[in-house]
Amino acid sequence: MDVRKVAKFALIKLGFKVNLLGFSYLTYAVELVVKEPRLIYNLHKDLYIKISDHFKVGSEIAIDRCIRKSIDDTFKCRSLLEINDLFHSKIVEFEEKPTSGQLIGLIAEYYNLGLYRYEPAYKKTRR
């Protein structure tokens, strides 16, 4: 399964709005982290620079702001407790908002562990 499709599936399930730039940046970030796991340890110097080069954005700070805004908006509306459903265990508490790195890492692990294969919505859309 394509990494980007799984990342989009997971983010939509978590309640992220697809019309925000942060959504596109997050899906690409997950794709990069799955391919090169070391990128998760240096967001600003490695990961965000690669994202800004890909999307032709002026700075990695703009990437960080868009991702952060997307996480903040989703947290305000939904509190991101669906992360617990994705992993079938308690990962986050009610008032806990994950950082950008934590969210990217969690979605990458969701793909690496193949947990998306057990989702009823994924089974219906699979061809």
Evaluation steps, side chain to side chain contact (heavy atoms under 4.5 Å, CB included), between Y48 and I61: CA-CA 8 Å; Y48 290 166; I61 294 168; over 6 Å; no
Closest non-hydrogen atom pair, A7 against I107: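 Looking at all heavy atoms of both residues, the shortest contact is CA-CG2, 3.9 Å.
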For the student: nearest non-hydrogen atoms of I71 and P98, plus distance: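 Minimum heavy-atom contact is CG2-O, 3.8 Å.
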Please tabulate, for the side chains in residues 14-30, all donor-acceptor contacts under 3.5 angstrom to protein atoms that are two or more places apart in sequence or on a different chain.
unit_1 : atom_1 : unit_2 : atom_2 : d
T27    : OG1    : F23    : O      : 3.4
T27    : OG1    : S24    : O      : 2.9

To the nearest 0.5 Å, what is the distance between [atom1] ([X]) and [atom2] ([Y])?
X: K56; Y: I51; atom1: NZ; atom2: CD1; answer: 14.0 Å
X: Y110; Y: L11; atom1: OH; atom2: CG; answer: 10.5 Å
X: F55; Y: I63; atom1: CZ; atom2: CD1; answer: 7.5 Å

T74 (side chain) donor-acceptor with S70 (main chain) under 3.5 angstrom: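 Side chain of T74 to backbone of S70, a donor-acceptor pair under 3.5 Å: yes, one is there.
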Donor-acceptor under 3.5 Å (Q102 side chain, T99 main chain):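 Pair found, side chain donor or acceptor close to backbone of T99.
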Set of salt bridge (Lys or Arg N to Asp or Glu O under 4.0 Å) partners for K35, sequence neighbours left out: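 K35 satisfies salt bridge (Lys or Arg N to Asp or Glu O under 4.0 Å) with E31 only.
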Over 12 foreign heavy atoms within 6.0 Å of CG, L113: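 Above 12, so yes.
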Qualifying residue for side chain to side chain contact (heavy atoms under 4.5 Å, CB included) with L39, from I49, L32, V34, I104: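 Exactly one pass, corresponding to L32.
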Intermediate values then yes/no, side chain to side chain contact (heavy atoms under 4.5 Å, CB included), E109 and L106: CA-CA 5 Å; E109 282 307 308; L106 283 170; 5.7 Å; no
D72: partners by side-chain hydrogen bond (donor to acceptor under 3.5 Å, both in side chains), with sequence neighbours left out: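 K97.
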Flag side-chain contact, heavy atom, 4.5 Å: E36 against L47: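 Result no, sub-4.5 Å side-chain heavy-atom pair not found.
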Carboxylate-amine/guanidinium contact K45 E60, below 4.0 Å: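 The answer is no: the pair does not qualify as a salt bridge.
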